[in-house]
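Heads up, the thing below is written out as C-alpha cells.
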Amino acid sequence: MALLNRSDWYDIARDTNWTPKYVTEEELFPKEMSDCFDVPREKWETYDEPYKTSYREYVKVQREKDAGAYSVKAALGRMKFLDSADPGWKSILKLHYGGIALQEYAAGMAEATMARFGRAPGMRNMATFGLLDETRHGQIQLYFPHEYVSKDRQFDWAHKAMHSNDWAAIATRHAFADIMSGRDATSVALMLTFAFETAFTNMQFLGLAADAAEVGDVTFSNLISSIQTDEARHAQIGTPALKILIENGHKEGAQKLVDIAFWRNWRLFSVVTGPSMDYYTPLAKREKSFKEFMIEWIVGQFERNILDIGLDVPWYWDTFLEDLNTTHHGMHLGVWYWRPTVWWDPAAGASPDERDWLEEKYPGWNDTYGKCWDVIIDNIKNGREDLTLPETLPIVCNMNHLPIVGVPGKKWDVRDHYLDYKGRRYHFGSKVDRWVFEQDPDRYAGHQGLIDRFLAGKIQPANLEGALKYMGLQPEDCGKDAHDYAWVWNYNKPDKVAV
Amino acid sequence: MTTNIKDIHKHNRVGPIFRGGELATAAIDALEEDNPDKEFTIEDRAAYIRVETDHECIIRRKTMEEILGRPFEMQELEVILGSFSGQIEAEQEYVRFYFDTKI
C-alpha cells in the first residue's frame, strides 16, 4: 500500500494547539510548568523541530536499534569478557550504570514534562518520543549489568545507587533535579536537551565508547553509542526553543539557564568521566585524554553550536578552560582516597608509566597531583595502608555536592568560595558554583548536603562507620583500590613486603 | 592541532558522527557524491567516525538507495547517527548539516 509522504501530513497531524473550552489557556499551561518566560502562544507556533520522526518510523528504527544492542550482547556474552577485564574497566561499568541508569528514568519524567506542558506542538510531539527513548535507556542499562550481580555485588548498585544517600548519588540527584525535574518545560528544553544532551552525553556515550572499543568491551561500546543515537534526535527539542526565546527578547534569560546547566554538568562529568578516561581505563587502551575528548566534543563541537544559534560563550569560559587541566585530577584523588564511600573500586592510575602519560597530557602533573601520590605510594610501601584511608569526611560544595578541590603542591590554591544567606553559610567549590546559587538563592537554600547532615547529627555514630551506614554501603560494597596496590610495586624501591 | 585553546571553537566544520559499519560506509560515500565540491576529513575511532567538512553538507535518500542497491528510508540513518557537528535539518528526502553563521 502506498503511504503518503510524511511531509504531506506531518504539520496537520502534530498540530494539537486546540482552543480549550472548559479551562483557560493559563490553566491548561500554567507558567510554572510550561514556560517561565511566558512567550505568547502564537510565537510558539513558529517552532519547527529540525529532526523529525513519525510514530511508524520511530517504532521501526527503535526496533532495529534494540535488536542490534541485544544481539551483540547475546553473541558476546559467551566470551565472558568481564571475567578477564581489567579491574579499572569494571569500575567504569559500575560507576556508569549506578550513576546513570535510574537518572534515565528521571529524564523520562522531564521529557514527559515537555510532552504535556511544552508550549509548541512540535516540542510535545518530539518529547513524547523522548519519553520513550529515556524509558528504553533506563531499562536497557539496568538489564545489561544485571547478569553481573551474581558475580560482583557492586553491580547491584546499578539499581541501588540513586535510592541511597551515597554522596555521589546526592550530587547526581541535585544536579539533575536542577535541570530536569525542578524546571518548567521550556527550561527543560534548554537545560536538559540542549545544554546536556547536545554536549556532555557525547562525552560519556561516544567518547567513552571509543575507549570501550579499544578495551574490547564491544557490548558496552555498542550499547552506549546506540543510546546516543536517541539522544542525538530528541536533543534537538532545545534548538528551536532557544531560537524562539532569542527572537522574542529573552536571550539573556536563556543564556543564564544554559550557563547554569553547562556548569552543573561540567562539574558532574569531572568526577564521572574524568577519572574514567584518565585513570581507570587501562593505559594502553586510552584513545585520548579526558581533556582531549572535552576539547573535541565540548569546546570544538558544542561551543561552536552555541554561537551559531545566537548565544554567547558562558561568562566563565576562561575559568572552564583552565579547569580542564585540573578539576578532574583533584576529584580523582578525592574519590580514590575516600574509596570506601563509593560502590566501585577506583583504579589509582598512578604507576610510573601512567604518570609519564599524565605528565605528557597535563604538563606539571608530577609537581602537583604527583606529590600527593608520592605520599600515598610511600605509605603503602611502608605498610601503612591506614594512612591512605579516610577517618573523616571532606568539605563538599553546597552546589555540586562534590569535594572542594584545588591544585596541590607549590600551586596550592584550594579555596572555599562561601556565601552567607539568611543566617547560614554556604560553601562552594568555585566562584561559578556560588554564582549559580546567587541566581536563585531560595531555590537552593535549605538543602542539606552530606556534611550538613553530618554536622546536624543525622548521621550516627558520627564517624566514618556511621557515614558508610548512612550511605547504604555494606563492607562488601565499599570501594577498594582496584588493583590491590599492585601498581605501587612498579616503583623501584621494593623495600617492604606487600600490605 | 589548533593553536590556542580559546580559539578552538572558532571554526566552520559540520558533519555527521556515525557509529561504524556498512551503513556508515555507504553514508560517507553518499556524502562524497552529494557534495562534489566539498572535501571531507574522516576521523575513525572504531566506536565512532567523525566526518566533517566546511559549513554545509547533505545526504540524499536517493543517493543512499543507489549506493546500497535497495530501498532506503532516510530515518534509517538514525541507527548510526550518534551525533553531529553543526545544526541539522532531517527531512524525508535528505539530511543536511549546516551552520547559519560563518566564523
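Reminder, nothing fancy here: chain letters follow the sequence lines and each chain counts from 1.
In this structure, B:T53 contributes its side chain and B:E39 its backbone to a donor-acceptor pair below 3.5 Å. With A:Q141 contributing its side chain and A:H137 its backbone, the two residues share a donor-acceptor pair below 3.5 Å. With A:E197 contributing its side chain and A:Q228 its backbone, the two residues share no donor-acceptor pair below 3.5 Å. A donor-acceptor pair under 3.5 Å links the side-chain atoms of A:Q301 to the main chain of B:F84, judged by distance alone.
If you tally non-hydrogen atom pairs under 4.5 Å between each of A:S225, A:A235, A:A232 and chain B, the highest count goes to A:S225. Here A:A210 is the residue among A:A210, A:G207, A:S7, A:A213 with the most heavy-atom pairs under 4.5 Å with chain B. Note: B:Q87 leads B:K102, B:E76, B:Q87, B:M74 in heavy-atom pairs under 4.5 Å with chain A. Between chain B and the residues A:E214, A:K65, A:Q62, A:E231, the largest count of heavy-atom pairs under 4.5 Å involves A:K65. Of the listed residues (A:T198, A:T53, A:I227), the greatest number of heavy-atom pairs within a distance under 4.5 Å of chain B belongs to A:T53. In terms of heavy-atom pairs under 4.5 Å with chain B, the best-connected choice from A:G300, A:G68, A:A209 is A:G300. Contact count versus chain B (heavy atoms, under 4.5 Å) is highest, among A:E49, A:K52, A:E303, for A:K52. Ranked by heavy-atom pairs shorter than 4.5 Å toward chain A, the options B:K6, B:E89, B:H11, B:R96 are led by B:H11.
Only the side chain of B:Y48 comes within less than 4.5 Å of a heavy atom of chain A; its backbone N, CA, C and O stay farther away. Heavy atoms closer than 4.5 Å to chain B are found in the side chain of A:D318, but not in its backbone. Contact of A:E64 with chain B is made through the side chain alone, with heavy-atom distances under 4.5 Å. For A:N202, the part lying under 4.5 angstrom from a heavy atom of chain B is the side chain only. Contacts between A:V313 and chain B at a heavy-atom distance below 4.5 Å involve the side chain alone, from C-beta outward. Residue A:D211 does not touch chain B at all, counting heavy-atom pairs closer than 4.5 Å. Only the side chain of A:S221 comes within less than 4.5 Å of a heavy atom in chain B; its backbone stays farther off. Residue contact with chain B, scored on non-hydrogen atoms closer than 4.5 Å, involves the side chain of A:R233 exclusively. Only the side chain of B:R50 comes within contact range of chain A, with at least one heavy atom under 4.5 Å from a heavy atom of that chain. For B:I80, the part lying near chain A is the backbone, with the side chain staying farther off; criterion is any non-hydrogen pair under 4.5 Å. Contact annotation for B:E73: only side-chain heavy atoms (C-beta onward) come within less than 4.5 Å of a heavy atom of chain A. For A:S226, the parts sitting under 4.5 Å from any heavy atom of chain B are the backbone and the side chain alike. For A:R56, the part sitting under 4.5 Å from any heavy atom of chain B is the side chain, from C-beta outward, and nothing else. In this structure, chain A has heavy atoms under 4.5 Å from both the backbone and the side chain of B:Y98. For a residue to count as touching a neighbouring chain, one of its non-hydrogen atoms must lie under 4.5 Å from one of that chain's; by this rule A:T239 touches chain B with the side chain only. Looking at B:R19, the atoms closer than 4.5 Å to chain A (heavy atoms on both sides) all sit in the side chain, from C-beta outward. Only the side chain of A:L324 comes within contact range of chain B, with heavy atoms under 4.5 Å apart.
The structure places NE2 of A:H329 at 8.5 Å from NZ of A:K291, a figure rounded to the nearest 0.5 Å. Rounding to the nearest 0.5 Å places OG1 of A:T193 at 5.5 Å from CD1 of A:I237.
The six-membered or imidazole ring of A:H96 lies away from that of A:F144, with a centre-to-centre distance of 6.0 Å or more. Centroid-to-centroid, the aromatic rings of A:F194 and A:F262 stay 6.0 Å apart or farther.
A side-chain donor-acceptor contact under 3.5 Å links A:T273 and A:Q204. Between B:D34 and B:Y94, the side chains place no donor N or O within less than 3.5 Å of an acceptor N or O (distance only, hydrogens not considered). Of the N and O atoms on the side chains of A:Y316 and A:D323, not one donor lies less than 3.5 Å from an acceptor on the other residue. Side-chain contact annotation: A:Y58 with A:D133, donor-acceptor N/O pair under 3.5 Å present.
A salt bridge (Lys or Arg N to Asp or Glu O under 4.0 Å) with B:E93 holds for exactly one of B:R60, B:R61, B:K62; it is B:R61.
The two residues A:S289 and A:E292 make their nearest non-hydrogen contact at N-OE1, 2.8 Å.
Using cut-offs of 30° and 60° on the angle between ring planes, the pair A:W266 and A:F320 is perpendicular.
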